[in-house]
Amino acid sequence: MHKGLLKTWKTDKGFGFIKSDTLEHDTFIHISALKHMSRKPKVGDTIYFEVATQPDGKTKAINCRIEGVAELKAPYQKHNNQPHRIAKSNFASSFLGKVASIALIAALCFYAINKYNTYSSSQTPVITNDDLATFDEQYPKVVIPKSTQNFTCDGRQYCTEMRSREEAVFFINNCPNTKMDGDGDGKPCENDSRFKNEW
């Protein structure tokens with residue numbers, strides 16, 4: 001263990017240097033090496049310390065103490081190697097407690113199933129004969145000509161890109177971003193002279 005005087009101390013930075021007669025160079029000291037002391041160091045304090053070499057080759061003071069200054073004692077810690085025991089509930093461990101717990105769980109399950117069945121039965125639609133009679137009126141069939149089976153949406157948008165009226169009808173009904181029905185009546189390419197005979 002070395003003995004030296006605290007030569008400089010920067011309180012705002014938390015470090016300083018110790019001058020020792022036994023060492024050739026001043027030794028760096030950080031506040032963390034004195035955290036167990038009852039006060040911060042002051043220039044001129046006598047410091048007892050050991051020297052450690054850091055990975056970069058520099059030295060620093062470790063295991064330091066200030067002469068005449070009391071060390072803080074570590075807070076008292078009770079060393080009890082016995083694990084904490086948790087008291088068991090007499091009710092839960094008794095036969096009556098187990099039966100009551102099972103009955104409560106069964107009652108909750110029965111209640112939940114009953115609620116689910118009531119909810120799902122009220123949500124199921126009932127179709128009557130009157131509904132079937134008006135179904136075709138409410139949901140008319142869309143007839144797609146058989147010749148459209150060869151058509152695919154390939155990015156074409158304008159009437160000038162179509163080869164037939166059927167192709168134009170397919171594109172306007174099935175493909176996005178088409179620009180063939182200017183008046184919005186569902187009839188594409190009405191002004192295209194190629195398709196005048198087909199309308």
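Taken to the nearest 0.5 Å, the NZ atom of Lys179 stands 13.5 Å off from the SG atom of Cys189. To the nearest 0.5 angstrom, Ser32 atom OG is 11.0 Å from Ile62 atom CD1. Rounded to the nearest 0.5 angstrom, Ile172 CD1 and Met180 CE are separated by 6.0 Å.
In this structure, Phe15 shares a hydrophobic cluster with Phe17, Phe28, the cluster being traced through Ile, Leu, Val, Met, Phe, Trp and Tyr side chains under 4.5 angstrom apart. Here Leu6 is tied into one hydrophobic group with Trp9, Ile18, Leu23, Ile29, Ile31, Leu34, Met37, Val43, Ile47, Phe49, Val51, Ile66, Val69, each link being a pair of ILVMFWY side chains closer than 4.5 Å.
Looking only at side-chain heavy atoms (C-beta outward), Phe170 and Cys175 come within less than 4.5 Å of each other. In this structure, Lys3 and Thr46 have side chains that are in contact, with non-hydrogen atoms separated by less than 4.5 Å. Side-chain contact check for His30 versus Lys60: every heavy-atom pair is 4.5 Å or farther apart. Using a 4.5 Å cut-off on side-chain heavy atoms (C-beta onward), His25 and Thr59 make no contact. For the pair Phe171 and Gln157, the minimum side-chain heavy-atom distance is 4.5 Å or more. Looking only at side-chain heavy atoms (C-beta outward), His2 and Thr27 stay at 4.5 Å or farther from each other.
Of the N and O atoms on the side chains of Glu50 and Asn63, at least one donor lies less than 3.5 Å from an acceptor on the other residue.
Put simply, the side chain of Ser38 gets close to the backbone of Ala70: a donor and an acceptor are under 3.5 Å apart.
Salt-bridge check for Arg39 with Asp45: passed, with a basic side-chain N closer than 4.0 Å to an acidic carboxylate O. Checked for salt-bridge contact, Asp181 and Lys187 miss the test: no charged N lies under 4.0 Å from a carboxylate O. The residues Asp154 and Arg156 are annotated as salt-bridged, a charged nitrogen and a carboxylate oxygen being separated by less than 4.0 angstrom.
Across all their heavy atoms, Ala61 and Ala33 have their closest contact at O-CB, 3.8 Å. The nearest pair of heavy atoms linking Arg163 to Glu167 is N-OE1, 2.7 Å. Looking at every heavy atom in both residues, Lys7 comes nearest to Asp26 through NZ-OD2, 2.6 Å.
Remark: Lys13 NZ is loosely packed, at most 12 non-hydrogen atoms of other residues, nucleotides or ligands lying under 6.0 Å away.
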